[in-house]
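Everything on this sheet refers to the single structure shown next.
All values derive from a computational prediction rather than experimental measurement.
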Amino acid sequence: MTSIIPERTADPREAWDLVQQDGAAILRWEDLTEAGTTAAGYAFMGEHLRGIGQVHRVTSEPPKKIKAVPPTETLLAHTDGFAYGPRNPDYLTLHCVVQAQEGGESFLIDGYGLLQRMAADPHNEFTIAGQRANAVHWLHTEVIEQTEISEKGFAMEERYFASIVQTCPNGRRWIRNHPYHRPHPQSPDPAGQQALIDYWMRTLRAEAASVQRFKLYPGDALFVDNYRVLHGRDPYLAKSIGERILHRLWMWSPDAAGIPEGIQYSDPDDVLVAAS
């Protein structure tokens, strides 16, 4: 099974345990201010916290420098923080402040379960640079470019090259999905790499169409293992930016692949600002 319907709890410690078990959980947190969302992040992470970012307000009209999916379209299953390259957050929360009046349901895909199922399918084979193997093998080993590109075509951060699925030094697997996968500029078989990328995206679109949906209500803080779980949302109607508001917060644990410059552990009374 790859569909995740997160359990709800009012206990931050139980929410942490549920995320370790299932990949996601919903923590009831009534303080809907940005400071409240940050406090929820501290409470959830507890002694596991090593870095925390600034709360980002998610509305139907994001900053113009960000290439965003409009509310009338499905936000495909993805992982967050890809602009940080090898140091993206391993946990995130989406804290609902105002729910969409119509549409906007969330969905989650268990990436670990999906890879396991794909690996067992003998038809999922690709030939890259003359070598034939199961697609999951290539997802772990084929290095592609994953640099985020702005609306104007400029790289947002340093160029980043890596496989779609990686293994951290401690053995934790790390799945990445975002709109910027493309063949490595020095690949001996860019067409083979593009075929693998296209297959991965087709697989995720098909999976997203089949998994269960759930609604976030004001006070619901959805916590997600960003290395394991891919998240997305359905289209929704929005005549103004105030018709659907979420607070997004990124967090780093000791098991993260790395912590970006400008992100550091601090006391809960401090407000940490992510490097921009």
If you define the side chain from C-beta out and look only at heavy atoms, does anything of I197 sit under 4.5 Å from P183? yes
Is there side-chain contact between I164 and W138, with at least one heavy-atom pair below 4.5 Å? no
Greater than 12 external heavy atoms within 6.0 Å of Q101's CD: no
Roughly how far, to the nearest 0.5 Å, is NE2 of H184 from CD1 of I144? 10.0 Å
In the structure I gave you, are the side-chain heavy atoms of Y180 and Q146 within less than 4.5 Å of one another anywhere? no
Report yes if some heavy atom in the side chain of T79 is under 4.5 Å from a heavy atom in the side chain of W174; otherwise report no. no
Give a yes-or-no answer on whether the side chains of H95 and W29 include a donor-acceptor pair shorter than 3.5 Å. no
F44 and T93, any side-chain heavy atoms less than 4.5 Å apart: no
Which heavy atom in L94 sits nearest to a heavy atom in L216, and how many Å separate them? O-CD1, 4.3 Å
Using the ring of F82 (Phe, Tyr or Trp, six-membered ring only), decide whether R176 places NZ or CZ under 6.0 Å from its centre and within 45 degrees of its axis. no
Kindly compute the distance separating CG (L246) from OG (S106), expressed to the nearest 0.5 Å. 7.0 Å
Partner of E105 under salt bridge (charged side-chain N to carboxylate O under 4.0 Å, His left out), chosen from K215, R244, R213: K215
Minimal non-hydrogen separation, Y227 against D255, with atom names: CE2-O, 4.2 Å
Is there side-chain contact between S163 and Q166, with at least one heavy-atom pair below 4.5 Å? yes
Same apolar cluster: V229 and I175, side chain cutoff 4.5 Å: no
For E47, look at atom CD and say whether over 12 heavy atoms of other residues, nucleotides or ligands are found less than 6.0 Å away. yes
Could you tell me if the side chain of H181 sits less than 4.5 Å from the side chain of N177, heavy atoms only? yes
Determine, using the 4.5 Å side-chain heavy-atom cutoff (strictly less than), whether F223 and L18 are members of one ILVMFWY cluster. no
Should I128 and L115 be counted in the same cluster of Ile, Leu, Val, Met, Phe, Trp and Tyr side chains packed under 4.5 Å apart? yes
When rounded to the nearest 0.5 angstrom, what distance separates CE in M251 from CZ in R50? 14.5 Å
Which value, rounded to the nearest 0.5 Å, describes the distance between L204 atom CG and L230 atom CG? 6.0 Å
Determine, using the 4.5 Å side-chain heavy-atom cutoff (strictly less than), whether Y199 and M201 are members of one ILVMFWY cluster. yes
Contact between D121 and M118 at the side-chain level, heavy atoms closer than 4.5 Å - yes or no? no
Test side chain to side chain contact (heavy atoms under 4.5 Å, CB included) applied to R28 and T9, step by step: CA-CA 6 Å; R28 285 296 302 171; T9 177; over 6 Å; no
Distance-only polar pair, side chains of S187 and D189, donor-acceptor under 3.5 Å: no
Ring geometry between W252 and W250 (parallel below 30°, tilted from 30 to 60°, perpendicular above 60°): perpendicular
When rounded to the nearest 0.5 angstrom, what is the spacing between OG1 in T2 and CZ in F107? 11.0 Å
Please step through ring pair (Phe, Tyr, Trp, His ring centres under 6.0 Å) for the pair H231 and H78, ending with a clear verdict. CA-CA 5 Å; H231 64 282; H78 63 283; 4.1 Å; yes
Heavy-atom nearest pair, P254 first then H48, reads CD-O, 3.0 Å
Same cluster or not: Y42 versus V55, using hydrophobic residues (I, L, V, M, F, W, Y) connected whenever any side-chain heavy atoms lie under 4.5 Å apart? yes
Over all heavy atoms of both residues, which pair between I4 and F214 is shortest? Give the atoms and the distance, please. O-CE2, 4.0 Å
Rounded at 0.5 Å granularity, tell me how far CD1 in I109 sits from OG in S3. 8.5 Å
Taking it one step at a time, do D225 and R172 satisfy side chain to side chain contact (heavy atoms under 4.5 Å, CB included)? CA-CA 11 Å; D225 179 341; R172 184 182 182 190; 3.0 Å; yes
Candidate pair I259 and R87, rule side chain to side chain contact (heavy atoms under 4.5 Å, CB included), full reasoning: CA-CA 5 Å; I259 300 178; R87 298 174 295 276; 6.0 Å; no
When every non-hydrogen atom of R159 is compared with those of T147, the smallest separation belongs to CA-OG1, 3.1 Å
Within a radius of less than 6.0 Å around CD of Q20, do more than 12 heavy atoms belonging to other residues, nucleotides or ligands occur? yes
